[in-house]
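One-based numbering along the sequence shown. First listed ligand is number 1; within each ligand, the first listed atom is number 1. In what follows, every heavy atom counts, from backbone to side chain, and hydrogens, waters and symmetry copies are set aside.
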Amino acid sequence: MKRTTLTRFLIEQQRHENALPAELRLLIETVARACKTVSHSVGKGALGEVLGSLDSENVQGEVQKKLDVIANEVILEANEWGGHLAAMASEEMDTLYPTPNRYPKGEYLMLFDPIDGSSNIDVDLSVGTIFSVLKASDEVAGRDVTEEDFLQDGRKQVAAGYAIYGPQTILVLSVGTGVYEFTLDREVGAWLLTDADMKMPQGKREFAINMSNRRQWSPGITRYIDERVAGAAGPAGEDWNMRWTASMVADVHRILKRGGVFLYPYDDRTPGNGKAKLRLMYEANPMSYLIEQAGGAATDGFIPIQDVAPTALHQRVGVVLGDKAEVARITEYGKAN
Ligand code: P6P
């Protein structure tokens, strides 16, 4: 079966859907190429001297894994010279990375988490790269890019996607015309279309949450999860299953493919984390864009994540995403308590 390559798919999107300016197509192809390089490093494991942690901490106060820094460098170096980006921002960098003056400044901004779920690296569980693309304001052509230029709500995203480095290496992407999955053909080094126009199955009874945080949850979240744990004997009236991979990319990919609901809600954790764990700009927003494009819903427990007005590059936000009916129920429980 002859499959469509990412390059052909993007050219056809540009030709037929007019959703894809040439510069954005170049950006996506460059990111996809960088993810192939990251996948190669991840796959080496102990053989590639890429496991383990560094002595450094990132701006989140998290100990950096070697691969966090390696992947960050790969994505910066792949994208800085192409002329499609004005600047980049990453979970692993305190502040923005402007396109060096020796290269042309582009019209897009990209935010990314180079290795999401990096605590899983050393135990060979799936990790991934998440990216979100915004248009820079025309003004940046005549001045330095600032963090404020990045602080656009999720509705302003023009593209988003993730790569997941698991048993397969998969790229999931949207440019606003649906969600598309590509699988890496390692022999040829090509991304091949393996799921065109992904639609998230609804009505599936599988929830994803870190149960060890139960003591910190709000009453609405506690009620919702306790009902599902009670199963058919309780108010939910049916048995539910649970998964938690501690890798948002892996949990979201599973939900896109087989449905369910993912929760990392606001909770009463130590105030230092602003009562939430996941980052708005390069985790929650891009994943919410994809989930909504695939027919699901994504809120912070109260309002659509993509309507949250950003105030800081690394701000955190509650996340409830997946099955529309379940997200609505969780919102209802949150308002009732
Ligand atoms: P916990 C990974 O560090 C991450 O940012 C997400 O990928 C994942 O969903 C979450 O944190 C896991 O958090 O508290 O269960 O380790």
Side-chain angles (χ1 to χ4, degrees), residues 35 38 42 51-54 56-69 71-72 89-93 111-132 160-166 170 172 206-218 221 225 242-257 260-291 296 298-301 305 313-322 327 330:
C35 289
V38 173
V42 169
L51 300 185
S53 303
L54 301 168
S56 54
E57 279 190 356
N58 62 20
V59 64
Q60 329 285 342
E62 295 164 345
V63 173
Q64 287 184 302
K65 296 286 188 183
K66 287 180 187 171
L67 261 174
D68 283 325
V69 175
N72 195 63
S90 158
E91 174 179 321
E92 298 306 327
M93 301 187 297
L111 300 108
F112 62 96
D113 182 357
I115 296 284
D116 174 68
S118 52
S119 60
N120 284 332
I121 290 171
D122 295 353
V123 293
D124 195 26
L125 292 177
S126 297
V127 295
T129 297
I130 309 172
F131 63 93
S132 169
Y162 60 80
I164 179 168
Y165 313 116
I170 285 178
V172 170
E206 191 162 69
F207 69 89
I209 195 167
N210 181 335
M211 293 294 284
S212 70
N213 294 327
R214 187 177 183 284
R215 66 190 179 285
Q216 297 167 167
W217 295 341
S218 66
I221 297 295
I225 296 296
M242 184 204 133
R243 287 285 184 276
W244 187 252
T245 65
S247 173
M248 187 185 196
V249 173
D251 282 318
V252 170
H253 188 66
R254 186 190 59 255
I255 285 167
L256 271 175
K257 298 292 276 190
V261 63
F262 171 96
L263 304 88
Y264 212 120
Y266 291 118
D267 58 29
D268 292 334
R269 63 187 47 238
T270 46
N273 280 337
K275 295 190 176 300
K277 164 106 192 225
L278 301 182
R279 275 63 51 148
L280 173 64
M281 298 305 291
Y282 40 79
E283 289 176 329
N285 268 340
M287 291 311 202
S288 300
Y289 182 85
L290 294 167
I291 287 286
T299 74
D300 68 348
I305 281 173
L313 204 50
H314 299 291
Q315 82 184 61
R316 298 169 188 262
V317 70
V319 178
V320 174
L321 60 78
V327 171
I330 293 162

Exercise. Does Ser119 have a heavy atom less than 4.0 Å from any atom of ligand 1?
Worked result: no
Exercise. Going by heavy atoms in the side chains, are Phe131 and Asp113 under 4.5 Å from each other?
Worked result: no
Seminar exercise, completed: Among Ile130, Val319, Leu278, the residue with a heavy atom nearest to atom 4 (C) of ligand 1 is Leu278
Seminar exercise, completed: For Val38 and Ile115 the tightest heavy-atom approach is CG1-CD1, 3.7 Å
Exercise. Which atoms of ligand 1 are found less than 4.0 Å from any heavy atom of Glu283?
Worked result: 5 (O)
Exercise. Which of these, Arg279, Met211, Glu91, has its nearest heavy atom closest to atom 5 (O) of ligand 1?
Worked result: Arg279
For this session: Distance to 0.1 Å, residue and atom name: give those for the protein heavy atom nearest to atom 14 (O) of ligand 1.
Result: Tyr264 OH, 2.6 Å
For this session: Carefully, step by step, assess Asn210 and Tyr264 under the rule side-chain hydrogen bond (donor to acceptor under 3.5 Å, both in side chains).
Result: CA-CA 7 Å; Asn210 181 335; Tyr264 212 120; 4.6 Å; no
Exercise. Should the ring pair His253 and Tyr162 be called parallel, tilted or perpendicular, given that the plane angle runs from 0 to 90° and is split at 30 and 60?
Worked result: perpendicular
Exercise. For ligand 1, is there an N or O atom under 3.5 Å from any N or O atom of Ser247?
Worked result: no
For this session: Just do the side-chain hydrogen bond (donor to acceptor under 3.5 Å, both in side chains) check on Thr245 and Asp251 with the steps written out, would you?
Result: CA-CA 6 Å; Thr245 65; Asp251 282 318; 3.1 Å; yes
Problem set entry | N/O separation below 3.5 Å, Asp116 to ligand 1 | yes
Exercise. Gly117 heavy atoms, cut-off 4.0 Å: which ligand 1 atoms fall inside?
Worked result: 2 (C), 7 (O)
Problem set entry | Atoms of ligand 1, numbered as shown, that sit under 4.0 Å from any heavy atom of Lys277 | 1 (P), 11 (O), 13 (O), 14 (O), 16 (O)
For this session: For Leu290 and Ala160, work out which heavy atoms get closest and say how close.
Result: CD2-O, 3.6 Å
Exercise. For Asp267, does its backbone N or O pair with a side-chain atom of Asn213 as donor and acceptor, under 3.5 Å?
Worked result: no
For this session: Please could you name the atoms of ligand 1 that Met248 approaches to less than 4.0 Å, counting only its heavy atoms?
Result: 6 (C), 7 (O), 8 (C), 9 (O)
For this session: Would you mind listing which atoms of ligand 1 come within a distance below 4.0 Å of any non-hydrogen atom of Ala246?
Result: 2 (C), 8 (C), 12 (C)
Exercise. Going by the order shown, which atoms of ligand 1 are within less than 4.0 Å of some heavy atom of Asn210?
Worked result: 1 (P), 14 (O), 15 (O)
Seminar exercise, completed: When every non-hydrogen atom of Asp116 is compared with those of Met248, the smallest separation belongs to OD2-N, 3.1 Å
